[in-house]
Protein chains: 2
Amino acid sequence: MQGTRQKSRARTATYEKGQATINAILDAAAEVLIDQGYKKLTLRQIAMQAGIKVGNLTYYYSNKEALLKDLLEKILFSYLDEMDRIVEASGDSPQVQFVAIIEYLIEDLHSQRTTHFFPELWALANHDTHTSELMDNMYAAERAALQKLVEAIKPELGKRQASQLALFVSCSIEGMTMFVGAGKNQEDNLQAMKELACTSFLQLIEQAGEESHT
Amino acid sequence: MQGTRQKSRARTATYEKGQATINAILDAAAEVLIDQGYKKLTLRQIAMQAGIKVGNLTYYYSNKEALLKDLLEKILFSYLDEMDRIVEASGDSPQVQFVAIIEYLIEDLHSQRTTHFFPELWALANHDTHTSELMDNMYAAERAALQKLVEAIKPELGKRQASQLALFVSCSIEGMTMFVGAGKNQEDNLQAMKELACTSFLQLIEQAGEESHT
DNA sequence: AACATTTTAGGACAAGTGTACAATATTGGA
DNA sequence: TCCAATATTGTACACTTGTCCTAAAATGTT
C-alpha cells in the first residue's frame, strides 16, 4: 500500500535540455510573481515567460502546487545562503557580524525582488499550510543565526532572552519592507532606518539582562 | 463631453433595505478576504456569504474594483478610528499615550482579522496603484499620530528626527504581524515583544538628539 | 543508423471568473 | 390603493483557469 499520497508531482529531468527547461520555468515563475504578483502567476504566463508551451510546463510540474513549492524553496534558500555568506565574510567580531547582517537585510530592501516577493509570501502563508511551514523554517533559521550572534555579543544572556531579542530584530526589519522598500514612498529614509536599527538593536542587547527576571 | 472616465461605479442605496444590503456585502467581503484570502475573494463567494445573489451584488457594485475600494477604505478607517479612540482615552501624558498606542497595536495582533488582512493589503499594494495610495494615506496618518507624541515626549527633537522615529516604530510593529500574530508560531512571545518594544522605543526617543546632526 | 527514452507541442475539457441584461418582486410616497 | 422608483433574481456570455491526453520531435546510447 505505497504511493497512496501522490498529491504533488515534480518530474526530475534526465537530459541537459530538460534541466535547462526546469530552470527556465522556475526563473520565469519568479519573474512573473515579482513583477505581476501571485494573482497573475498562471501556468500560461509562466510558460510564455519561459518561452515554452503550457503542455511542456505541465510535463515537469503536473501540479501548480508542486511548482509553487519548488519556486518558494528556491527563493527562500537563496536568501539564507546569502545570509551565511555575509556572516562568513565579516571577520570574527560578533558585533561586526551582527551589524553586517542587519545592514545587508535592510539594504536588500532596495531590491524590488525582495520588496515584492515577501508580502506575497506572507499572504500565501496565511491560507496555505505548506507555504506557512516553509516560511517558518526559513525565518527560524534566520532567527537562529541572529540569536547566535546576540549570545556571542552578550554571553550572560539566557537562551530565552537572546531568542526574543532575535525575534524582535527580525520583526523590526521585515516590517520595513512595505515602507522603505524599493519604490515605496519612504525609501528616502532607508539609510536612516539602517542607522537607527543598528544603534537601537546593539543598545538593546548590551543593556539586556539588567532587570531581567520578571 | 463629461463622464468619459466612469471606471468604477458604486451605487448609493436609497431605501433602508438597500443600505442594509450594501453593509451585508462589505461585511461579507471582509469575512471572505480574512478567512479565505484574496484569491477566494470572488463575487460569488461574497454574494453567498452575504446571503444574496450575484446579480444583486453587481447592482450595487458593477465593478469588483469599486467593491474592493469600499472594502479596503472601510477596514483601514476602522483602524485609524480605533487609534484615535485609544489616544483620547489615555489621559494627557504623551508617554502614557505613546505606550497605550504601542500596546494596542501589538495586542491587536491577537486578532486574526488583523493578522490575515494586512499581508493581503501589502501584497495588493505592490501591484495596484489605488490600493497603494490608500495604504500610504492610512500609514501616513498613523505615523503622524506617532510623530506628534514623539515630539511631545522630546520637544527638542527636529521634525525630521521625530518623523524617522515614528517610521521606525511603525515598521517594527507591523513586522510582528507575520510572526507573533494570531495563530503564528511565535504568538507566545507577543507579551515579550510588547515590553521589548515599549522600553526600546521610549529609550530611543529619550536619547535621540545627542549626536544628531550627521 | 536504429531505437527506446525523453522532451515538446497542440488541442481539448470542465470549472470558475467578472460582467451584462431582461424579468420579477419589493418598497414607500401620492 | 396605485405606481414609479428601487431592489432582487435568474440566466447568459466571453474569457481565463488548471489539468489531461495524444501525437510529434528531439535526444543520446547501442
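Residue numbers start from 1 in every chain, and the chains themselves are labelled A, B, ... in the order their sequence lines are given, proteins ahead of strands.
- Atom NZ of A:Lys53 and atom P of D:dA26 are 15 Å apart (whole Å).
- Using cut-offs of 30° and 60° on the angle between ring planes, the pair B:Tyr139 and B:Phe118 is tilted.
- The nearest pair of heavy atoms linking B:Val32 to B:Lys40 is CG1-O, 3.6 Å.
- One atom, CG of A:Asn56, and another, P of D:dG18, lie 16 Å apart when rounded to the nearest Å.
- Taking both residues in full, the closest heavy atoms of B:Ala162 and B:Glu151 are given as CB-CG, 3.6 Å, listed atom of the first, atom of the second, then distance.
- Residue B:Tyr61 contributes atom OH, which lies 17 Å from atom C1' of D:dT8 at whole-angstrom precision.
- Mapped onto DNA chain D by nearest heavy atom, B:Gly51 and A:Lys64 fall at different nucleotides, with B:Gly51 at the one closer to the 5' end.
- At most 12 heavy atoms of other shown residues, nucleotides or ligands fall within 6.0 angstrom of atom CG in B:Asp92.
- The distance from atom CG of A:Leu57 to atom P of D:dG18 is 10 Å, rounded to the nearest whole Å.
- Environment of CE in B:Met48: sparse, with no more than 12 heavy atoms of neighbouring residues, nucleotides or ligands closer than 6.0 Å.
- Around NZ of A:Lys74, the count of heavy atoms belonging to other residues, nucleotides or ligands within 6.0 Å exceeds 12.
- Proximity of residues 11-20 of chain B to DNA chain C (heavy atom under 4.0 angstrom from any strand atom) is restricted to B:Tyr15, B:Lys17.
- In this structure, A:Met48 atom CE and D:dT17 atom C1' are separated by 14 Å, rounded to whole Å.
- The two residues B:Gln97 and B:Val87 have their closest heavy-atom pair at NE2-O, 3.5 Å.
- The closest side-chain heavy-atom distance from B:Leu105 to B:Ile86 is not below 4.5 Å.
- A nucleotide of DNA chain C counts as in contact with chain A when one of its atoms lies under 4.0 Å from a heavy atom; the first and last such, 5' to 3', are C:dT5 to C:dA12.
- Here the C1' atom of nucleotide D:dT17 and the CG atom of A:Leu67 are 14 Å apart, to the nearest Å.
- A:Thr58 comes within contact range of at least one nucleobase, with a heavy-atom separation under 4.0 Å.
- Here D:dT17 presents its P atom at 7 Å from CZ of A:Arg44, a figure rounded to the nearest Å.
- Rounded to an integer number of Å, the gap from CD1 of A:Ile52 to P of D:dA26 is 16 Å.
- Relative orientation of the B:Phe201 and B:Phe98 rings is perpendicular, given thresholds of 30° and 60° on the angle between their planes.
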